[in-house]
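Reckoned from all heavy atoms, side chains included, excluding hydrogens, waters and symmetry mates. None of these values were measured; they are calculated from a predicted model.
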Amino acid sequence: MSPTLTPTGRRAATAALTAALLVPLAACGGGEKPAADSSPSTPGSGTASAEPKATNLTVLAASSLTDVFKTAGAAYEKAHPGTKVTFSFAGSQELAAQVKQGAPADALITADTKTMDGLKAETDTATVVAKNRLVIAAGKGNPFKVDELKDLADSKIKVVLAAPEVPVGRYSKEILDKQAVTVKPVSQEPNVRAVLSKVELGEADAGLVYKTDSAKSGDKVVAVDIPDDQNAVASYPAATLRQSKNAAAATAFVAWLSSPEAQKILQDAGFQKP
């Protein structure tokens, strides 16, 4: 016969049994979790490292750079993973107004040095990255047989020019005045692409545009070259904006525009060496 346990004995036996059961549970991880390792992760440790922060650059650029900068932007992004370049194209005078109004942007490229010089308080030192020249854009097939600047004075020819406050408009006035050619334009447009569009659509018979723009029109227009001694050279300065929140990345992009890779892209599109 088993001995009879007193109440005190029964409590002691129960406590001993409970303790015995808890030992294997603790060994299986049921106890308190160890403190998390606060040491930095190392390659191959299995801990994911933080992804590099993406950089979004906003670049204000003259409208005559629209086509070539699509190519240049793609090349830059490929060479600089994690950087996204967004362009905003307009006439240089419109871009200058945006900069003075504090538009959020990182870099600026204008189609003339005069506009850039007027923004010295808002920009870092500018560098000319390309040059361009003007041509006469005549309508499809050149029905009026426009061969030179003086032909634009014919009242039968509807000529469209850029407004005088636009770089290409100033260049146009410069070369027409130099040759003493008086033109009464049917309209004055806010940028060179608008001038070209008027001629392409047949709303004008001729206009003065950059050589690089006319090259994109195919057979919609006939580009008539203007001799160098009668022409004007357009310079494209680029600069980082002081209001940029991505100053280092913006500086790197502006510097890249002078690199062999970028220069080849620009020159393949018809721009001249700076």
Side-chain angles (χ1 to χ4, degrees), residues 60-67 87-101 103 108-119 131-140 142-217 220-227 230-237 270-271:
L60 306 179
S63 59
S64 51
L65 295 166
T66 300
D67 296 310
F87 295 101
S88 177
F89 298 104
S92 296
Q93 80 290 349
E94 295 179 55
L95 300 178
Q98 292 176 30
V99 170
K100 289 182 177 180
Q101 291 167 7
L108 170 70
I109 303 96
T110 61
D112 66 334
T113 54
K114 182 177 180 179
T115 300
M116 186 67 79
D117 288 345
L119 296 169
K131 291 186 177 181
N132 213 341
R133 289 183 179 271
L134 275 65
V135 297
I136 301 170
K140 186 173 183 177
N142 195 3
F144 287 92
K145 308 301 179 185
V146 176
D147 293 320
E148 53 188 333
L149 287 170
K150 69 178 183 180
D151 293 337
L152 300 179
D154 188 338
S155 60
K156 296 178 183 178
I157 300 177
K158 293 186 293 184
V159 179
V160 61
L161 299 174
E165 63 270 18
V166 183
V168 70
R170 285 200 299 273
Y171 295 134
S172 298
K173 184 178 187 304
E174 177 185 330
I175 64 178
L176 290 171
D177 288 350
K178 186 190 298 184
Q179 299 303 310
V181 176
T182 300
V183 174
K184 295 182 179 179
V186 294
S187 69
Q188 293 182 317
E189 302 300 319
N191 58 64
V192 68
R193 301 307 285 252
V195 173
L196 186 62
S197 178
K198 289 277 188 178
V199 180
E200 289 178 338
L201 295 172
E203 297 176 10
D205 302 313
L208 289 174
V209 303
Y210 294 120
K211 184 174 183 177
T212 52
D213 288 288
S214 67
K216 293 292 183 181
S217 295
K220 294 179 181 178
V221 304
V222 173
V224 180
D225 288 332
I226 301 171
Q230 298 177 18
N231 216 325
V233 177
S235 295
Y236 291 75
F271 289 87

Show your reasoning for whether side chain to side chain contact (heavy atoms under 4.5 Å, CB included) applies to Y210 and V135. CA-CA 6 Å; Y210 294 120; V135 297; over 6 Å; no
Point-to-point distance, once rounded to the nearest 0.5 Å, from [atom1] of [X] to [atom2] of [Y]:
X    : Y    : atom1 : atom2 : answer
K158 : S187 : NZ    : OG    : 10.0 Å
S214 : K220 : OG    : NZ    : 13.5 Å
T212 : N132 : OG1   : CG    : 3.5 Å
L196 : S217 : CG    : OG    : 3.5 Å
F89  : E94  : CZ    : CD    : 13.5 Å
D147 : N142 : CG    : CG    : 6.5 Å

Picking from L176, V186, L152, I136, what satisfies side chain to side chain contact (heavy atoms under 4.5 Å, CB included) with V159?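 It is L152, the one option of L176, V186, L152, I136 that forms the side chain to side chain contact (heavy atoms under 4.5 Å, CB included) with V159.
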Sidechain N-carboxylate O distance under 4.0 Å for R193, D67: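 Between D67 and R193 there is a salt bridge, with a charged N closer than 4.0 Å to a carboxylate O.
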If you look at every heavy atom in [X] and [Y], which pair is closest and at what distance?
X    : Y    : value
V181 : A153 : CG1-CB, 4.0 Å
K100 : G118 : CE-O, 3.9 Å
L95  : I109 : CD1-O, 4.0 Å
V192 : S63  : CG1-OG, 3.8 Å
L208 : V195 : O-CG1, 3.8 Å
A90  : Q98  : CB-NE2, 4.5 Å

Run the side-chain hydrogen bond (donor to acceptor under 3.5 Å, both in side chains) test against T66 and tell me which residues pass, sequence neighbours left out.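 With sequence neighbours excluded, T66 shows a side-chain hydrogen bond (donor to acceptor under 3.5 Å, both in side chains) to no residue whatsoever.
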Between the main-chain N or O of [Y] and the side-chain N or O of [X], is there a donor-acceptor pair closer than 3.5 Å?
X    : Y    : answer
D205 : I157 : no
S92  : A111 : yes
Q93  : N191 : no
D151 : E148 : yes
N231 : I226 : yes

Would you say the ring centers of Y236 and F271 fall short of 6.0 Å from each other?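 Y236 vs F271: aromatic centres under 6.0 Å.
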Are [X] and [Y] packed together at the side-chain level, in the sense that at least one heavy-atom pair is separated by less than 4.5 angstrom?
X    : Y    : answer
T115 : P167 : yes
V221 : K140 : no
L108 : L119 : yes
Q188 : P164 : yes

For a side chain to side chain contact (heavy atoms under 4.5 Å, CB included) check, start with the C-alpha distance between I175 and L149, then their side-chain angles and the critical distance, and finish with the verdict. CA-CA 9 Å; I175 64 178; L149 287 170; 4.2 Å; yes
For residues 173-183, which residue pairs pass the salt bridge (Lys or Arg N to Asp or Glu O under 4.0 Å) check, not counting sequence neighbours?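 Pairs touching residues 173-183 that pass the test: K173-D177.
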According to ring pair (Phe, Tyr, Trp, His ring centres under 6.0 Å), who are the partners of Y171, at least two apart in sequence or on a separate chain?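 Y171: no ring pair (Phe, Tyr, Trp, His ring centres under 6.0 Å) contacts found.
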Test log, rule side chain to side chain contact (heavy atoms under 4.5 Å, CB included), inputs E189 and K198: CA-CA 9 Å; E189 302 300 319; K198 289 277 188 178; 3.2 Å; yes
Do we see a donor-acceptor contact under 3.5 Å between the side chains of D213 and S64?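 The answer is no; no qualifying pair exists.
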